[in-house]
Each structure stands twice: as structure tokens, then as C-alpha cells.
**Student:** 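Quick one: this structure, given as C-alpha cells, is what I'll be asking you about.
Naming convention: chains lettered A, B, ... in sequence-line order (proteins, then strands); numbering from 1 in each chain.
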Amino acid sequence: MPSLSPLVTIRDLNKIFESRKGLFGEPRRMTAVNQVSLDIPRGQVTGVVGESGCGKSTLARLVLRLLEATSGSISFDGVDLLKQSHGAMRLLRRRMQMVFQDPYSSLDPRYTIADALLEPFKVQGIRLTTAEARQKVEALFAMVGLDARFAQNHPHQLSGGQRQRIGIARALALEPDLMVLDEPTASLDVSIQAQIVTLLEKLKHELGLTYLFISHDLNLVRYFSDRIVVMYLGRIVEILPDAKAAPRHPYTQTLLDSTFAPDPTQRRDISRLTGEIPSPYNLPQGCAFAARCRHARPDCLSRRPVLETRSDGHAVACFHPLT
Amino acid sequence: MALLDVQDLSIDIGGIKPLDSIGFAVDKGETLGIVGESGSGKSLTALSIMGLLPLIGGRVERGSIRFDGMELTRLPEPDYRRLRGRRIAFITQNPMTSLDPVIRVGEQIDQVARLHLGLSGSAARRHSIEIMERLRIPEAATTYHNYPHQLSGGMKQRIVIAMALAANPDLIIADEPTTALDVTIQAQIVQILGELVREKGVALILITHDMGVVAQACDRVVVLYAGRVAESNTVSAIFASPRHPYTQALIGCIPRNAMERGSLVGIPGLVPSVARYPAGCRFHPRCTRSESLCEREVPVLERLASGAEIACHVADKHEAAHA
């Protein structure tokens, strides 16, 4: 097995949503993910960061084929995902799982926690004896640090942090290679967020997992990820080869400036931040960030910069990158 | 005497007591942060000051809330109504709860000035547009005629802030004003609130779970845990030398710049629900330093020479001469 090749290779991926403004209105097209190419290396955490509408959650769903891409290709361990039948996809999904932001809406309120943890086996047609099922549930509880006495409880009896542990346990049930984590801590208190992040780190080491970690929180992404992908309005604008790399795209710098450190001696000068994210239905011709960018020059308005990768792996889509 | 002085405040909602002897003060031109996890009593503190506890079936059981010399806990409702919105303004997390979806946003700002300042229609409109311009709402005269749904989340929150400012209040209570917003927009709102405090001498109470926002924007901080004050101090002292184990743990939960992976420490367990507060110090079941005394006796809030306040049996209360 070629262990050095990336687990997932995404090339020129596009997702276009069509909608209508009213019953008789003009159809409108919105490109949620636009020409995205990305490798997800094995055993690493690839972080994707961006604000609302940047396409990060759409990208997560495309990678697992929970949404069908409009065009492009996704290769998972050498298999061309977009060409697989539904049956083949179902088998492949054992190897790729997702943890959602809101575990409450991804758990059926009528199921006990044990039922929820055994559901993946049912979906996959894997028969377990009663003893095997109990063993699986106990092992999964232990793996995510929960007391097995919760097994017969229902989701509403658990706290948000406990529910997210169940969401993670369920994703682990079929022993996947890839876990897509879509804002797994965004609805939790910081103390619980830290517990969950610590758990995810531990599981990655113990099980050799590969993570695609989606978040709006740059501090958290920088803490947790080996590589950081920055998205803006459907496109990758920068890939930082490691979490400590200095941003070269002005948008990444803006994100960094807007992210407050828990340290009053490091207050940010935020007086120069202006502008809003433009409507994804009506994108400008040039660089999508140009209207908010302090470094923008005339060429930024007329042409769109492409993502260019340097030898050190640092990629940036900008005509006038920061040095 | 501070503009707002809350002392020994305890409240009762249907027999349960979610706030126990809360105290703090905030003066003109000052920003006070109230922090803590969900369930710590942050929002109830705001409702108490606004005199809105009866809306949720609650009442002040003990203690005082003095605002500009007036005792608010004994203020008759008609007098309270003249205070709310005029001298004390309230900004909520979700701007849509404060905005009427079928009234143009500008007119909603007008209403505040007409009601509280007695301005005529055209004067109120000029006043509203002036405030909108001060909050850097682009094309204020046009935006004035928009309905809330036509605006982005960040713009809606600016409209809510404009409504809060319309009657020139002395005190603004902002309950998680940026939590629902993207980080670059959050930074702009924090900047705007900071300008109001510095330039107009408004007193600001910023209720948040985000220690980054606290570090960026606050002068003083009150840390609440399970309805009691754990610690209060200046923002620089809270972050440089937190004394209460809960404050230390809360700061340790936040991923920050240049933090090594694996160094994030969560707080074990959960904030107890109000019906199940433990005896003694309410933090002791989660505290790494708790002793037998902590399980039995409620620690009193001690005031140190520097003005710092702390409620803990085990914390170091020694103050260095230079502190």
C-alpha cells in the first residue's frame, strides 16, 4: 500500500446550487465550492477555516459524497469516489465518517444511546450477537471516556459535551480511516470544547486517524491542525504548510487580526477592519476579497489570482501577497 | 460612587436560587466583562438589572442594585419603564429578537428617539441616520428604508446597537453581542462598542463566554460560576495572575497562539444544574485543588487590598507589594 500518498486527493471540485427567487423568479446559481484542489495526507489533521458562506461545510459533505459534486474528482485511497455506485459507496463509508456540529440533531431522540451506537452496524448489514453488541458499546464508551451506564439513556438526558462524545463514538464504530469533523465544538462551552479536542487528539494517536477539521475558529484550527486551508467565498485562498506559518494572503491576515488572543497585553488594532462578505450570488470578476482588501490594486479588480504553491508547500492566491 | 453598583444580589425563580450574593460595580467610561460558562447566571444578572425578572417568574430576593443613586430593586414598574431603553439599554445575542421584521430598520431606531427623547418624525429620522453613520453603516440614508431581512447579521446587530444608542443611554448591557457573528464582523462590533465607551463615556457591561473578547475589550472582569462570583479583578490581573482555580482552568481551556499541541486542558465534568448545586464551594467537584473544607463550607468573597475579590478556600491571596 502506498502509505505516502495522500488518503484523499481532491481535484477541481465544484458545487453549484441553483435556487429561484420566488415561484416565477429568475433561477439563481451560487457556486458554493469553486475549483477546489486539495490533498488530505494520511495521519494528519487538515484544518479548513473560513467565515459563513466560504464553502467549508459544503466541502466536508462533498468529500463524503453526502452531497453530489457538480464536477471535479475525489480520490479516496486510490478509489475514484464520484464514479462509485451507491452500493460501493455504502461499503466505502465504513472507512470515512463525519462528526457534526450539533450532535442533538444527528441523534434520533427515540433511540437509546446503545441503539445509536449500534445503528452503523445495522446500516452496513453487519450482524452482531447480543454479547458482541454489548462488547462493542462498552468499548466505544470507554474509547470516548463515557460511563457505560449511559447506554440505556436517551439523547435528551445527556449534556451537549456528552452527546458530542456519543457522536464521535458512533463515527468510530466502524473503525474508519478518515474522520470529517464539521465544527465539532462550535456549540459547546470552552471547558467542554477543550475536553473534546483533547479526546480527538488522543483518538488520532491511538487509532492513526486522518482528520479533515472544519472550523470558523482560527485559534482552534491553529492549535489542532498540521496544515491549514483558508477558504473565502467558495475558493481556497491560502494553504499554510504548518500551523505556525505566517499568513501571506491579506484575508488570512484579516482573520488573524480579528481573532482575539486571551491576553490583554496582545490587544489587536482592529480599527482598520471594514466591509462585509459579499453575496455569493453576485461575485466580483476579480479577487473576491479585493473590495475589503487594504493591499488591493487595480489588477485585483479585473483579474482573479490563481492558487500558486511554493516549494515549501505554502500556497496563496493573491497578486500582492504579504511577505 | 459608581454609576451601577450591585451588592449581595440574590434572586429567586420559583423556589430555586440561580444567583447567590452577586456583586460588582461599573462606572462611566468603563467596560465590565461578566464571564462564565452556560448556566453560570450571566444572562440572569442582565435581566435582574433590567428589572425583567418578573417576565420569567423571578424576583430579587435580597441585595441591592443602585443605578445613579436610585435603588432599582424597589423601583415601581412605571419608573423602570422610563429607565429601560432610555438610560439603560440592552443588546441581545440574536438581533432578530430585538427587531420587528415588518418595520423598516430606520423607523425602529426612530421609535426609540420619539418615545424617550420626544423628537418629532423628521428630527428622529435625522437623529437615526446620524447614529447609523457613526456606527459606519454604509449608505445609512438608504439602509434606513430597508427591512431587517434585507440586511446581513452584522448589519442587523449594528441596527440593534443604533436602537440602544438612540436615547443616549448611560449604561449599555450587551449579552453575547457578537456570538452569532463571523469573526471579522465580531471584531468590528467590538471596535464600535469600544469607541462608545471611550468617546461617549458610556458604561458597558459585556456579557460573554469568549475570553478573547474579554481580553480585547474589558477593563474589569467578574468571573461567575454556578450563580456565584468566583473572582473579580482588573482585566490585566485576571489574565496575568488568575487566582481562583476556576479562572485558571477557564483560561487554560482556550487555544492560543503558539500553544503546543497537547497542552490544552479541559475542565472535567459539567457546570451543575441550578437544582443540584453541591454543598460548600460549588466548583469543588471539578476543582483539582479541592480540600475537605471546600466540600463543607461556602467560601466567602474576600476583598483584597488591590480591589481584587476572590471566593476560594485554597487560592493564594497574598498580594505582592508592586501589585
Side-chain angles (χ1 to χ4, degrees), chain A residues 45 49-54 145 158-162 187-199 201-202 205 216-226 243-244 251 254-279 292, chain B residues 35-40 136 138 151-155 181-188 190-191 194-195 209-219 221 234-240 246 249-271 273 286:
Chain A
V45 183
V49 69
E51 297 178 275
S52 339
C54 75
L158 270 58
S159 70
Q162 289 166 338
S187 54
L188 304 173
D189 267 317
V190 284
S191 66
I192 311 300
Q193 164 173 291
Q195 291 175 10
I196 297 292
V197 167
T198 308
L199 172 68
E201 281 177 327
K202 184 186 82 126
H205 285 293
H216 69 284
D217 182 341
L218 187 58
N219 275 340
L220 185 61
V221 169
R222 293 223 298 171
Y223 170 76
F224 192 54
S225 309
D226 296 297
K244 306 269 188 295
Y251 175 62
T254 301
L255 268 188
L256 196 62
D257 290 341
S258 311
T259 308
F260 303 134
D263 182 350
T265 63
Q266 288 181 35
R267 288 198 175 171
R268 307 250 186 231
D269 173 17
I270 47 177
S271 56
R272 288 178 307 189
L273 295 176
T274 53
E276 298 245 320
I277 304 165
S279 159
R292 301 174 74 190
Chain B
V35 295
E37 295 173 87
S38 326
S40 58
R136 295 197 289 274
L151 303 180
S152 67
M155 270 316 141
L181 304 175
D182 274 316
V183 286
T184 59
I185 312 302
Q186 160 174 304
Q188 294 176 36
V190 167
Q191 169 73 13
E195 283 170 10
H209 68 282
D210 187 331
M211 293 297 261
V213 170
V214 171
Q216 176 76 22
C218 296
D219 301 306
V221 185
T234 61
V235 71
S236 51
I238 279 277
F239 283 93
Y246 178 59
L250 200 57
I251 293 171
C253 286
I254 303 151
R256 54 172 90 195
N257 207 357
M259 196 172 188
E260 284 307 316
R261 241 190 285 176
S263 55
L264 203 59
V265 191
I267 308 176
L270 302 169
V271 178
S273 75
R286 304 176 77 189

**Student:** Where the side chain of A/Gln195 meets the backbone of B/Ile267, is there a donor-acceptor pair that is under 3.5 Å apart?
**Tutor:**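 Answer holds: yes.
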**Student:** Determine yes or no for a side-chain-to-main-chain donor-acceptor pair under 3.5 angstrom, with A/Tyr223 supplying the side chain and B/Ile254 the backbone.
**Tutor:** no
**Student:** I need the residue from A/Leu256, A/Asp226, A/Asp257 with the largest number of non-hydrogen atom pairs under 4.5 Å to chain B.
**Tutor:** A/Asp226
**Student:** So which of B/Ser236, B/Ala215, B/Gly266 has the biggest tally of heavy-atom pairs under 4.5 Å with chain A?
**Tutor:**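 Option with the top pair count is B/Ala215.
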**Student:** Given that the side chain runs from C-beta out, which part of B/Val271 has a heavy atom under 4.5 Å from chain A: side chain, backbone, both or neither?
**Tutor:**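 No part of it gets close to chain A.
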**Student:** I need the residue from B/Gly154, B/Pro255, B/Pro268 with the largest number of non-hydrogen atom pairs under 4.5 Å to chain A.
**Tutor:**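 The option with the most such pairs is B/Pro255.
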**Student:** Is A/Thr198 close to chain B through its backbone or its side chain, or both, or neither, when contacts mean heavy atoms under 4.5 Å?
**Tutor:**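 For A/Thr198, the contact with chain B is made by the side chain alone.
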**Student:** For each of A/Arg268, A/Gln162, A/Lys202, tally heavy-atom pairs with chain B at distances under 4.5 Å, and name the one with the top tally.
**Tutor:** A/Arg268
**Student:** Non-hydrogen atoms of chain B under 4.5 Å away: do they reach the side chain of A/Glu51, the backbone, both or neither?
**Tutor:** both
**Student:** Please identify, among B/Ile185, B/Leu270, B/Val183, the residue contributing the most non-hydrogen atom pairs under 4.5 Å to chain A.
**Tutor:** B/Val183
**Student:** At a heavy-atom separation under 4.5 Å, does A/Val197 approach chain B through its side chain, its backbone, both, or neither?
**Tutor:**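 The answer is the side chain of A/Val197.
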**Student:** Name the region of B/Ala249, side chain, backbone, both or neither, that has any atom closer than 4.5 Å to a heavy atom of chain A.
**Tutor:** neither
**Student:** Which atoms form the tightest heavy-atom contact between B/Gln188 and A/Arg292, and what is the distance?
**Tutor:** NE2-NH2, 4.2 Å
**Student:** Determine the minimum heavy-atom distance between B/Val190 and A/Phe260, stating which atoms define it.
**Tutor:** CG2-CE1, 3.9 Å
**Student:** For chain A, which of B/Ser152, B/Gly269, B/Gly153, B/Ala187 has the most heavy-atom pairs under 4.5 Å?
**Tutor:**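 Max contact count across the listed options: B/Ala187.
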**Student:** How long is the span from the CG atom in A/Asp189 to the OG atom in B/Ser40, to the nearest 0.5 Å?
**Tutor:** 8.0 Å
**Student:** Quick one: of B/Gln191, B/Met211, B/Gln186, B/Arg286, who has the most non-hydrogen atom pairs under 4.5 Å with chain A?
**Tutor:**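 With the most close heavy-atom pairs to chain A, the winner is B/Gln191.
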**Student:** What pair of heavy atoms forms the shortest contact from A/Ser191 to B/Cys253, and how long is it?
**Tutor:**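 That closest heavy-atom pairing would be CA-SG, 3.4 Å.
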**Student:** Of B/Val221, B/Asp219, B/Val214, B/Val235, which is the lone residue that meets side-chain contact (heavy atoms from CB on, under 4.5 Å) with A/Pro264?
**Tutor:**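 Testing A/Pro264 for a side-chain contact (heavy atoms from CB on, under 4.5 Å) against B/Val221, B/Asp219, B/Val214, B/Val235 leaves exactly one candidate, B/Val235.
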**Student:** Measuring only between side-chain heavy atoms, which start at C-beta, is B/Leu264 closer than 4.5 Å to A/Glu201?
**Tutor:**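 Answer no - side chains too far apart.
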